[in-house]
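If you read the sequence from its start, that first residue is 1, and numbering goes on from there.
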Amino acid sequence: MEQTNSEFKQDGAPTSQDWARQLHHATRASREDWFGRGISYLCIGVIILVVASMLWFITSKGMATFTQNHVNLWQFLSGTNWAPDQGHIGVLPMIVGSFAVTFAAALVATPFAVGTAIFMTEIAPNKGRKFLQPVIELLVGIPSVVYGFIGLAVVVPFMRHLVGGSGFGIISATFVLFVMVLPTITTMTVDSLRSVPRFYKEASLALGATRWQTVSKVILRAATPGILTAIIFGMARAFGEALAVQMVIGNAAVMPKNLISPAATLTSQLTTGIGDTIDGTLPSNALWSLALILLLMSLFFNALVRLIAKRGQLSHER
């Protein structure tokens, strides 16, 4: 308040109008609150604008293949011949390759991630937990190109010696992505296991269950929604990975015959072809359509995570 009570006493007793004027006068704290709230709304508006602009830009560019070049959508999704310079833009080989490496990496990484998370939360002593946590965080911070070089120098020669052929293929990309998504799934699984109420474990042990029975029958079941969310986040990471996969998969835009044959993913095809096209042409528009597919898959993964989290919340409430 601008005028203190002593000043009011010197000038005389304050009237009701003076009190009303003082109450409606904005103080410094309220002005700071309004300013902070305005900054928050401005930042939120900028984020929404950026996201909306990206969605509009990628969607408009990706739809140009069908609106400007008049490519049939079904032929685009089901075609197996990728030769944009000749007018053939079947993306089924890249879609199959992307899903193959994604599901294979998640299938291999999930048991290791869950086992590591159980060890860190239920079995390991404090020293073991303090050792494993920095190791997992270190794997998160390694750049993708380093994983790609390691895969190119170690995994590809090993697969070439083990099964023959060139060594490039889905199985090599799976091993690289397995190491890349393992920290993500492990970290989120650890958080899910730690979020299980402690009285679940105490009640199970009090009823005579062993530690493994408690972990497998109680803790893992209670943490299932969080574990599924971790797996989906890992799959989203694997589905969107470009550079490391590009270096070990072979980049052959053909239908993969098996796990050891060279293949291509949506991201690897984007990174290899985007620099050799002219904007507005069919090859460029086709690559933007691949980017649109990646965007839709990212939205699908996020929607799936929200659905699992919602169902898990409802099950806990029941």
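Taking the side chain to side chain donor-acceptor pair (under 3.5 Å) definition, one finds that Q213 meets it with T210, sequence neighbours left out. Residues satisfying the side-chain contact (heavy atoms from CB on, under 4.5 Å) criterion with N69, sequence neighbours excluded, are V71, L282, N285. Listed by chain and number, the residues in a side chain to side chain donor-acceptor pair (under 3.5 Å) with Q75 amount to none (sequence neighbours excluded). Scored by the side-chain contact (heavy atoms from CB on, under 4.5 Å) test, A173 finds V101, V245, V248, I249 as partners (sequence neighbours excluded).
Here W56 contributes atom CH2 and S60 contributes atom OG; the two are 4.5 Å apart, rounded to the nearest 0.5 Å. Separation of atoms CE (M94) and CH2 (W82) is listed at 4.5 Å; rounding is to 0.5 Å. In this structure, L220 CG and S192 OG are separated by 10.5 Å, a value rounded to the nearest 0.5 Å. In this structure, T229 OG1 and L307 CG are separated by 9.5 Å, a value rounded to the nearest 0.5 Å. One distance of note links CD1 of I227 with CG of D191; it measures 11.5 Å at 0.5 Å rounding. Note: M188 CE to L228 CG = 11.0 Å, rounded to the nearest 0.5 Å.
S204 approaches T214 most closely through the heavy-atom pair OG-OG1, 2.9 Å. Nearest heavy atoms, T174 versus A105: CG2-N, 3.7 Å. Taking all atoms of both residues into account, the shortest heavy-atom contact from I89 to A286 is CG2-CB, 3.7 Å. In this structure, V181 and G234 approach most closely via the heavy-atom pair CG1-O, 3.4 Å. P93 approaches P256 most closely through the heavy-atom pair O-CD, 4.4 Å. Contact detail for L182 and A113: the closest heavy-atom pair is CD1-N, 3.6 Å.
For F175 and F158, the ring centers are positioned 6.0 Å apart or more. Taking the six-membered ring for Trp and the full ring otherwise, the centers of F301 and F233 sit at least 6.0 Å from each other.
One hydrophobic cluster holds both I231 and F99 under the rule that ILVMFWY side chains link at heavy-atom gaps under 4.5 Å. Taken together through direct or relayed side-chain contacts under 4.5 Å among Ile, Leu, Val, Met, Phe, Trp and Tyr, I170 and V254 form parts of separate hydrophobic clusters. Side-chain heavy atoms closer than 4.5 Å link hydrophobic residues (I, L, V, M, F, W, Y) into clusters, and following such links, possibly through other members, connects F178 to V156. Under the 4.5 Å side-chain heavy-atom criterion for ILVMFWY residues, no single connected hydrophobic cluster contains both I278 and L287. The cluster map of Ile, Leu, Val, Met, Phe, Trp and Tyr, joined by side-chain heavy atoms under 4.5 Å apart, puts L304 and F103 in the same cluster.
Within the 3.5 Å criterion, the main-chain N or O of G90 finds no donor-acceptor partner in the side chain of N81. Proximity of a side-chain donor or acceptor of S172 to a complementary backbone N or O of G167 within less than 3.5 Å is detected. Using a distance-only test at 3.5 Å, with no hydrogens or angles considered, a donor-acceptor pair links the side chain of S261 to the main chain of N258.
Put simply, the side chain of I219 does not reach to within 4.5 Å of the side chain of Y200, judged on heavy atoms. T59 places a side-chain heavy atom less than 4.5 Å from the side chain of L292. By the 4.5 Å heavy-atom criterion applied to side chains, V190 and L193 are not counted as neighbours. Contact of the I136 side chain with the T116 side chain is registered, since non-hydrogen atoms from C-beta on lie closer than 4.5 Å. Side-chain contact between I293 and L77: present, with at least one pair of heavy atoms (C-beta onward) separated by less than 4.5 Å. Taking 4.5 Å as the limit, every side-chain heavy atom of L177 sits out of range of all side-chain heavy atoms of F239. Counting heavy atoms from C-beta outward, L294 and T267 have side chains that approach closer than 4.5 Å. The shortest distance between side-chain heavy atoms of P183 and T186 does not fall below 4.5 Å.
Every pair tested for side chain to side chain donor-acceptor pair (under 3.5 Å) that includes a residue from residues 155-171 fails, sequence neighbours excluded, so the list is empty. Every pair tested for side chain to side chain donor-acceptor pair (under 3.5 Å) that includes a residue from residues 86-113 fails, sequence neighbours excluded, so the list is empty. Residue pairs that meet the side chain to side chain donor-acceptor pair (under 3.5 Å) test with at least one member in residues 40-49, sequence neighbours left out, do not exist here. Residue pairs meeting the side chain to side chain donor-acceptor pair (under 3.5 Å) criterion with at least one member in residues 230-244, sequence neighbours excluded: S144-E241. Residue pairs meeting the salt bridge (charged side-chain N to carboxylate O under 4.0 Å, His left out) criterion with at least one member in residues 51-66, sequence neighbours excluded, are K61-D279. The ring-ring contact (aromatic ring centres under 6.0 Å, His included) analysis of residues 267-299, with sequence neighbours excluded, yields the pairs F57-W288.
No more than 12 heavy atoms of other residues, nucleotides or ligands sit less than 6.0 Å from atom CZ of F149.
Applying the under-4.5 Å side-chain rule to Ile, Leu, Val, Met, Phe, Trp and Tyr, the cluster around I39 extends to F35. Other members of the cluster containing V96 are L92, M255, with ILVMFWY side chains joined at under 4.5 Å, either directly or via other members.
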Run T281 and S284 through side chain to side chain donor-acceptor pair (under 3.5 Å) and show every step you take.
CA-CA 5 Å; T281 61; S284 177; 5.1 Å; no

